[in-house]
A.B. asks: 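Before anything else, here's the structure in question.
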Amino acid sequence: MPKRKKEKIKKGRNARQRRPKEKVITYFDYNMLAVVIILISFGLVMLYSASAYEAVNDINIGDDMYYFKRQAFFSVFALFIAYVVSRIDYHIPIMLSPAIFIVAMALMTAVQTPLGVTVNGARRWLKIGVQFQPSEIAKIAIICIMPYIVLRVGKKLRSWKAVAVLVSVGLLQGGGAYFLTDNLSTGLIIMGISVIVLYLAYPKSKPFYIALAAAITAITLGVLYIDKTMQNSDRFRLQRIITWLHPEKNAQDGGYQVLQGLYAIGSGGFFGKGLGNSTQKLATIPEAQNDMIFSIVCEELGVFGAVILLILFGYLLYRLVFIAQNAPDLYGTLLVAGIFGHVSLQVILNICVVLNLIPTTGVTLPFVSYGGTSVIFLMGEIGMALNVSRNISFGEKKETAAGKPKAFDKTQVNN
């Protein structure tokens with residue numbers, strides 16, 4: 001080989017060796033982790049303030065820090081769960097989602113057996129060594145299985161048969177939560193998560209807007225009919241709607257808690273009465289540390305404190321949207337979208353109940369209300385979102401298996 005040609009090849013090799021490699025930056029969403037920890041800390045402070053009086057005056061408890069200590073323990077354990085889940089590849093639920101779905105249905109069915117436990121008149125709990133609400137597992141099950149079915153269906157998602165399968169899965173899981181655990185609010189949240197994931201995956205949006213308009217019209221007509229024709233009802237659900245429409249007329253029954261919550265919100269003003277200075281929590285609002293804790297926030301910290309809390313929730317949802325948009329594949333996008341749907345629906349429903357914008361439901365305020373089962377499973381979902389964020393890479397061009405960009409696009413399903 002000529003000497004000149006050898007030198008040329010050698011220079012080419014040296015140039016390739018000297019060429020700097022493109023640096024790939026792996027990502028972890030510390031911002032979302034931070035805002036979750038802040039929400040949990042805020043919730044613990046408000047929980048102690050809301051529950052101390054009731055706990056110390058309860059002859060079966062007698063400890064003002066009873067609820068605080070239990071929630072603090074569950075919160076620390078939940079953070080550990082989130083860390084463990086964040087280290088597990090989020091693709092594993094793809095293989096396990098059918099099993100998780102079946103287990104959730106089986107556990108909700110077990111509530112109707114002697115293993116079921118009744119708390120405050122509602123049979124929603126299951127005691128198998130530890131006591132928990134199986135409907136919380138159902139939320140995780142629907143978050144995992146909906147993206148799984150979307151990916152299995154693939155191009156056939158445009159067909160009504162595929163849509164019917166997805167809708168049936170949501171109705172089955174949501175109906176199970178309602179009929180097996182008598183938990184309508186959880187059933188609605190599960191079906192809401194299903195609709196959100198299906199809306200993101202389905203290539204056309206118009207059918208959803210038509211269905212939404214039809215649902216709003218039907219609900220409005222139903223409420224007007226109840227308001228005009230019924231003053232009272234023996235049916236529990238109907239009585240809740242009647243109480244919601246006329247809380248003053250039902251102040252001694254179902255409207256009492258809502259009215260006291262509204263009094264607490266109104267008396268708080270802009271900056272509130274001060275932390276710990278609520279008067280409505282002094283046995284006026286039953287179990288203020290649960291569903292009605294937002295009213296105590298408004299009374300003690302005022303509109304200012306309530307807005308700060310809503311900003312924290314808004315930032316958490318923003319981080320979930322960011323992770324979903326930059327997820328490395330469609331499954332990660334839809335998985336985080338399901339988590340977004342769960343958190344947002346639960347926040348909206350809880351606050352709307354406290355403000356008497358909708359009939360009362362047993363929905364807790366995420367990370368703030370008292371409840372060990374709720375915070376543990378919520379943090380499990382946060383752990384899954386953090387694991388998706390671990391797989392986000394910047395600095396190199398990555399595409400999905402379908403050849404589309406990482407940012408979510410409905411057309412990914414059909415390619």
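Remember, it's a predicted structure, so these values are computed and weren't measured experimentally.
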A.B. asks: Ignoring hydrogens and geometry beyond distance, is a side-chain donor-acceptor pair present between S185 and N183 at under 3.5 Å?
C.D. replies: yes
A.B. asks: Could you give me the CA-CA distance, side-chain angles and deciding distance for L316 and V343, then say whether side chain to side chain contact (heavy atoms under 4.5 Å, CB included) is met?
C.D. replies: CA-CA 9 Å; L316 170 60; V343 176; 4.2 Å; yes
A.B. asks: Is there side-chain contact between M105 and L172, with heavy atoms separated by less than 4.5 Å?
C.D. replies: yes
A.B. asks: Quick one, Q133 with T181, criterion side-chain hydrogen bond (donor to acceptor under 3.5 Å, both in side chains). Give me CA distance, side-chain angles, the key distance, then yes/no.
C.D. replies: CA-CA 9 Å; Q133 282 187 304; T181 68; over 6 Å; no
A.B. asks: Using side-chain heavy atoms (C-beta onward) and a distance below 4.5 Å, is K156 in contact with K161?
C.D. replies: no
A.B. asks: How would you list, by chain and number, every residue that makes a side chain to side chain contact (heavy atoms under 4.5 Å, CB included) with F179, sequence neighbours excluded?
C.D. replies: none
A.B. asks: Could you pull out all residues at least two apart from L79 that satisfy side chain to side chain contact (heavy atoms under 4.5 Å, CB included)?
C.D. replies: I37, I40, M379
A.B. asks: State the CD1-CZ distance between I323 and F340, to the nearest 0.5 angstrom.
C.D. replies: 12.0 Å
A.B. asks: If I compare all heavy atoms of Q173 with all of A104, which pair ends up nearest, and what's the gap?
C.D. replies: NE2-CB, 3.9 Å
A.B. asks: Would you call the rings of W160 and Y202 parallel, tilted or perpendicular, taking 30° and 60° as the class edges?
C.D. replies: tilted
A.B. asks: For I311, check side chain to side chain contact (heavy atoms under 4.5 Å, CB included) against everything at least two apart and list the hits.
C.D. replies: V307
A.B. asks: Grab the two heavy atoms, one from G170 and one from M191, that are nearest each other, plus how far apart they are.
C.D. replies: O-CG, 3.6 Å
A.B. asks: Report the distance from atom CG of L166 to atom CZ of R152, rounding to the nearest 0.5 Å.
C.D. replies: 12.5 Å
A.B. asks: Check G174 against I190 and note the closest heavy-atom contact, atom names and distance.
C.D. replies: N-CG2, 3.6 Å
A.B. asks: When the ring planes of F77 and F73 are compared, do they come out parallel, tilted or perpendicular, using 30° and 60° as the limits?
C.D. replies: parallel
A.B. asks: For side-chain hydrogen bond (donor to acceptor under 3.5 Å, both in side chains), just list the numbers for K281 and S51, CA-CA rounded to whole Å, side-chain angles, deciding distance to a tenth of an Å, and then say yes or no.
C.D. replies: CA-CA 8 Å; K281 69 185 180 185; S51 66; over 6 Å; no
A.B. asks: If you define the side chain from C-beta out and look only at heavy atoms, does anything of C298 sit under 4.5 Å from V303?
C.D. replies: no
A.B. asks: Any idea which heavy atoms bring S194 and M146 closest together, and the distance?
C.D. replies: O-CE, 3.5 Å
A.B. asks: Can you give me the closest heavy-atom contact between T186 and A177, atom names plus distance?
C.D. replies: CG2-CB, 4.0 Å
A.B. asks: Could you pull out all residues at least two apart from K127 that satisfy salt bridge (Lys or Arg N to Asp or Glu O under 4.0 Å)?
C.D. replies: none
A.B. asks: Could you grab the distance from atom CZ of F313 to atom CG of L365, nearest 0.5 Å is fine?
C.D. replies: 4.0 Å
A.B. asks: Would you mind telling me which of T333, L335, L334 makes a side-chain contact (heavy atoms from CB on, under 4.5 Å) with Y331?
C.D. replies: L335
A.B. asks: How many angstroms lie between atom CG of L317 and atom OG of S344, to the nearest 0.5 angstrom?
C.D. replies: 5.5 Å
A.B. asks: Using the ring pair (Phe, Tyr, Trp, His ring centres under 6.0 Å) criterion, which residues pair with Y263? Sequence neighbours excluded.
C.D. replies: none
A.B. asks: The criterion is ring pair (Phe, Tyr, Trp, His ring centres under 6.0 Å); which residues satisfy it with F304, sequence neighbours excluded?
C.D. replies: F271
A.B. asks: Go through V153 and V165 one step at a time and tell me if the side chain to side chain contact (heavy atoms under 4.5 Å, CB included) criterion holds.
C.D. replies: CA-CA 10 Å; V153 169; V165 170; 5.9 Å; no
A.B. asks: Please tell me if the side chains of L320 and I339 come closer than 4.5 Å, counting only heavy atoms from C-beta onward.
C.D. replies: yes
A.B. asks: To the nearest 0.5 Å, tell me how far I293 CD1 sits from N350 CG.
C.D. replies: 9.5 Å
A.B. asks: Which pairs would a plain distance check flag for residues 380-388, meaning a side-chain donor or acceptor within less than 3.5 Å of a matching protein atom at least two apart in sequence or in another chain?
C.D. replies:
{"unit_1": "E381", "atom_1": "OE1", "unit_2": "H342", "atom_2": "ND1", "d": "2.8"}
{"unit_1": "E381", "atom_1": "OE2", "unit_2": "H342", "atom_2": "ND1", "d": "2.9"}
{"unit_1": "N387", "atom_1": "OD1", "unit_2": "Y90", "atom_2": "N", "d": "2.7"}
{"unit_1": "N387", "atom_1": "ND2", "unit_2": "S86", "atom_2": "O", "d": "2.7"}
{"unit_1": "N387", "atom_1": "ND2", "unit_2": "I88", "atom_2": "O", "d": "2.8"}

A.B. asks: Taking the side chain as everything from C-beta on, heavy atoms only, tell me whether L39 gets closer than 4.5 Å to L309.
C.D. replies: yes
A.B. asks: Going by salt bridge (Lys or Arg N to Asp or Glu O under 4.0 Å), name the pairs with one or both residues in residues 302-322, residues two or more places apart or in two chains.
C.D. replies: D29-R319
A.B. asks: Between S267 and K273, is a side chain to side chain contact (heavy atoms under 4.5 Å, CB included) present by the stated rule, with each step listed?
C.D. replies: CA-CA 8 Å; S267 63; K273 296 178 178 179; 3.6 Å; yes
A.B. asks: In the structure I gave you, are the side-chain heavy atoms of L126 and V117 within less than 4.5 Å of one another anywhere?
C.D. replies: no
A.B. asks: Can you name the salt bridge (Lys or Arg N to Asp or Glu O under 4.0 Å) partners of R124, sequence neighbours left out?
C.D. replies: none
A.B. asks: Could you pull out all donor-acceptor pairs under 3.5 Å where a side-chain atom in residues 91-99 meets a protein atom, sequence neighbours excluded?
C.D. replies:
{"unit_1": "H91", "atom_1": "ND1", "unit_2": "D89", "atom_2": "OD1", "d": "2.9"}
{"unit_1": "H91", "atom_1": "NE2", "unit_2": "D329", "atom_2": "OD2", "d": "2.5"}
{"unit_1": "S97", "atom_1": "OG", "unit_2": "P93", "atom_2": "O", "d": "3.3"}
{"unit_1": "S97", "atom_1": "OG", "unit_2": "I94", "atom_2": "O", "d": "3.2"}

A.B. asks: Roughly how far apart are K139 NZ and L345 CG, rounded to 0.5 Å?
C.D. replies: 10.0 Å
A.B. asks: Sort and list the pairs that fulfil side chain to side chain donor-acceptor pair (under 3.5 Å) and have at least one residue in residues 364-380, not counting sequence neighbours.
C.D. replies: R70-Y370, Q346-T364
A.B. asks: Excluding sequence neighbours, so at least two apart, what forms side chain to side chain contact (heavy atoms under 4.5 Å, CB included) with Y30?
C.D. replies: F28
A.B. asks: Where is the tightest heavy-atom contact between V353 and P359, given as atom of each residue plus distance?
C.D. replies: CG2-O, 3.5 Å
A.B. asks: Is the shortest heavy-atom distance from the side chain of Q280 to the side chain of S295 under 4.5 Å?
C.D. replies: no
A.B. asks: Strictly distance-based, threshold 3.5 Å: is any side-chain N or O of W244 a donor or acceptor partner for the main-chain N or O of N356?
C.D. replies: yes
A.B. asks: Working note: F322 + N31, criterion side chain to side chain contact (heavy atoms under 4.5 Å, CB included); need CA distance, chi angles, decisive distance, verdict.
C.D. replies: CA-CA 11 Å; F322 176 84; N31 293 330; over 6 Å; no
A.B. asks: When you measure from the side chain of Q71 to the backbone of L44, do you find a donor-acceptor pair of N or O atoms at a distance under 3.5 Å?
C.D. replies: no
A.B. asks: When you check the side-chain N and O atoms of Y48 and Y66, is any donor under 3.5 Å from an acceptor?
C.D. replies: no
A.B. asks: Under 4.5 Å between any side-chain heavy atoms of L310 and I351, yes or no?
C.D. replies: yes
